[in-house]
Amino acid sequence: MTDTKRFFTDCLMTWNRFQNTRTMPWKGEKNPYRIWLSEIILQQTRVEQGWPYYERFISAYPTVEKLAAAPDEEVFRLWQGLGYYARCKNMLAAARTIAGAYKGQFPQTYEGITKLKGVGAYTAAAIASFAFSLPHAVLDGNVYRVLARYFGIDTPTDTTPGKKLFTQLAGEVLHREQPGEYNQAIMDFGAVVCKPQQPACKSCPLAARCEAFQKGLTDLVPVKSKKLVIKKRYFHYLLLHQKDRFFIRKRTGKDIWENLHEFVLIETSAPAADETVLESADFRRLIGKYPYKITAPAVEIKQQLTHQTIHARFLQLAVPAAFKTPEGYLQVSEDQLKNYAFPKIIVDYLQR
DNA sequence: AAGACGGGGCA
DNA sequence: TGCCCAGTCTT
């Protein structure tokens with residue numbers, strides 16, 4: 001361990017003990033179930049955003065057995081609005097593995113933990129260190145940033161060589177005797193002091209030996225190589241209904257919002273008029289010979305996602321009583337809609 | 001190795 | 001807008 005590295009570790013531990021005022025409901029938690037739950041919720045999610053979800057999940061499911069026994073739809077409904085819905089699916093699978101095959105016993109080794117669905121290197125290290133004091137270093141967005149700046153590393157973090165380099169370095173500066181405290185320290189430090197924008201270098205205890213600060217490069221590291229490509233998509237949601245009963249279905253396949261519900265969807269590659277949509281082959285096939293009547297003015301809502309811009313247009317259509325529920329759909333009354341999980345864009349529409 | 005996957009806060 | 005957030009999984 002070089003002097004520069006030792007200073008780094010000691011400094012973070014001291015900062016954590018005397019200056020870290022960040023509080024969170026799962027901090028200091030030793031129950032692996034609660035730690036795991038918090039980490040799944042926090043993947044790619046800001047603490048402030050995940051916090052209320054954590055409280056609601058712990059309240060609804062105080063034990064892994066309770067979560068494992070819950071109906072899928074109820075859990076997805078609780079997850080609604082948090083995004084990255086595969087996390088919810090994987091979380092349920094992991095809970096059922098623990099409650100079933102593992103007889104309620106949470107795995108207690110890094111290798112065992114990482115076998116759980118939805119648990120990768122970061123989450124396994126977090127659980128292993130927080131719950132079991134095992135010497136595994138976490139590597140998340142905060143850690144990449146703090147390491148890249150302090151050690152002045154401009155290797156892109158989103159490449160194989162970058163990941164290898166940062167993984168190695170993170171392990172070297174880990175406090176072996178207090179891995180949990182250290183992991184908590186470096187993440188809190190990254191969130192509170194070594195922030196992405198406008199880091200608090202003036203009050204930073206590492207500044208004197210921080211490579212990026214000394215060279216005025218804090219805005220240039222860490223480096224990411226990939227640039228985002230944003231696609232535009234045009235969704236036409238047709239709210240087919242008989243009286244107050246709507247036809248909805250669960251989204252499947254490899255696309256956004258898998259496992260969430262939605263109304264009849266016609267997607268076009270460019271903006272399209274309602275008439276065009278209603279004459280489309282997809283809608284013709286669905287509606288068949290039945291007549292329909294527009295029962296509400298069309299509403300347009302735009303939603304910006306990380307990788308795509310969704311332009312949605314909602315149109316309500318009354319269909320006759322003879323119209324049969326199409327394959328894959330279910331019919332639910334308006335007040336039953338609250339029992340199903342929907343994408344935010346649909347929740348927004350329904351709230352109007 | 002590269003893509004895909006949500007939603008929200010902030011400058 | 002663009003960037004980032006206690007990342008993981010699939011192709």
Side-chain angles (χ1 to χ4, degrees), chain A residues 22 24-27 29 35-54 76 79-91 93-94 113-130 136-146 148 156-164 166-167 170 180 183-192 194-199 219-220 222-231 233 251 253-260 302-310 341-348:
Chain A
R22 201 183 195 203
M24 294 169 290
W26 49 83
K27 205 159 164 178
E29 182 62 65
I35 295 170
W36 163 73
L37 183 59
S38 72
E39 295 301 342
I40 300 300
I41 287 174
L42 292 170
Q43 285 168 4
Q44 286 292 283
T45 303
R46 288 169 305 102
V47 164
E48 296 71 28
Q49 189 185 0
W51 189 319
Y53 283 85
Y54 173 80
F76 272 95
W79 194 277
Q80 177 177 285
L82 194 53
Y84 282 163
Y85 298 92
R87 289 184 292 168
C88 185
K89 179 186 173 186
N90 291 331
M91 175 184 73
I113 296 167
T114 200
K115 281 193 173 68
L116 295 170
K117 283 271 195 298
V119 174
Y122 162 77
T123 305
I127 298 171
S129 64
F130 294 150
H136 293 271
V138 293
L139 186 52
D140 73 337
N142 291 305
V143 179
Y144 275 119
R145 188 170 54 254
V146 175
T157 57
D158 57 349
T159 60
T160 301
K163 282 174 188 149
K164 194 175 171 187
F166 281 97
T167 300
N183 279 336
Q184 189 64 61
I186 191 169
M187 288 194 286
D188 283 346
F189 187 82
V192 174
C194 198
K195 300 174 289 184
Q197 280 98 27
Q198 301 173 23
D219 289 343
L220 300 180
V223 174
K224 282 192 180 178
S225 63
K226 301 183 184 73
K227 50 176 176 281
L228 211 53
V229 180
I230 300 178
K231 283 184 277 187
R233 299 177 73 175
R251 282 179 67 87
K254 305 169 188 57
D255 198 356
I256 55 171
W257 305 330
E258 187 180 357
N259 289 304
L260 300 197
K302 186 178 90 164
Q303 187 184 15
Q304 187 61 53
L305 304 181
T306 301
H307 295 278
Q308 41 192 289
T309 306
I310 309 288
F342 293 93
K344 173 182 160 47
I345 200 165
I346 291 180
V347 173
D348 285 354

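Per chain, numbering begins at 1; letters A, B, ... match sequence-line order.
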Any luck finding a side-chain donor-acceptor pair between A:Tyr122 and A:Gln43 under 3.5 Å?
-> no
Has [X] got a side-chain atom pairing as donor or acceptor with [Y]'s backbone, closer than 3.5 angstrom?
| X | Y | answer |
| --- | --- | --- |
| A:Lys344 | A:Gly83 | no |
| A:Asp158 | A:Ser225 | yes |
| A:Gln303 | A:Ile310 | no |

Donor-acceptor pair (no angle test) under 3.5 Å: [X] side chain, [N] base:
| X | N | result |
| --- | --- | --- |
| A:Arg87 | B:dA4 | no |
| A:Thr45 | B:dG7 | no |
| A:Tyr84 | B:dG6 | yes |

Roughly how far apart, to the nearest Å, are B:dG3 and C:dA6 at atom C1'?
-> 22 Å
So what does [X] hit on the nucleic acid, given a heavy-atom distance under 4.0 Å: a base, only sugar-phosphate, or nothing?
| X | value |
| --- | --- |
| A:Val119 | sugar-phosphate |
| A:Leu139 | nothing |
| A:Thr159 | nothing |
| A:Arg145 | sugar-phosphate |
| A:Gln80 | nothing |
| A:Met91 | nothing |

If you find the nucleotide of DNA chain C closest to A:Asp188 and the one closest to A:Lys117, which residue's nucleotide is nearer the 5' end?
-> A:Asp188
Closest to the [X] side chain, choosing from [options]:
| X | options | result |
| --- | --- | --- |
| A:Pro196 | C:dG7, C:dC4, B:dA4 | C:dC4 |
| A:Asn90 | C:dG7, C:dA6, C:dC9 | C:dC9 |
| A:Lys231 | C:dC4, B:dA4, C:dA6 | B:dA4 |
| A:Gln184 | C:dG7, C:dC5, C:dA6 | C:dA6 |
| A:Lys226 | B:dC5, C:dT1, B:dA2 | B:dA2 |

With a 4.0 Å limit, can you tell me whether [X] has a side-chain N or O closer than that to the phosphate oxygens OP1/OP2 of [N]?
| X | N | answer |
| --- | --- | --- |
| A:Lys195 | C:dC5 | no |
| A:Tyr85 | B:dG7 | yes |
| A:Trp26 | C:dA6 | no |
| A:Gln44 | C:dG7 | yes |
| A:Lys224 | C:dC3 | no |

Identify the pairs formed between an N or O of the protein and an N or O of nucleotides 8-11 of chain B at a distance under 3.5 Å, and give each distance.
from  : atom 1 : to      : atom 2 : distance (Å)
B:dG8 : O3'    : A:Arg46 : NH2    : 3.3

Spacing of [X] atom [atom1] relative to [N] atom [atom2], expressed in whole Å:
| X | N | atom1 | atom2 | result |
| --- | --- | --- | --- | --- |
| A:Ile127 | C:dT8 | CD1 | C1' | 13 Å |
| A:Ile256 | B:dG3 | CD1 | P | 19 Å |
| A:Ile40 | B:dG6 | CD1 | P | 15 Å |

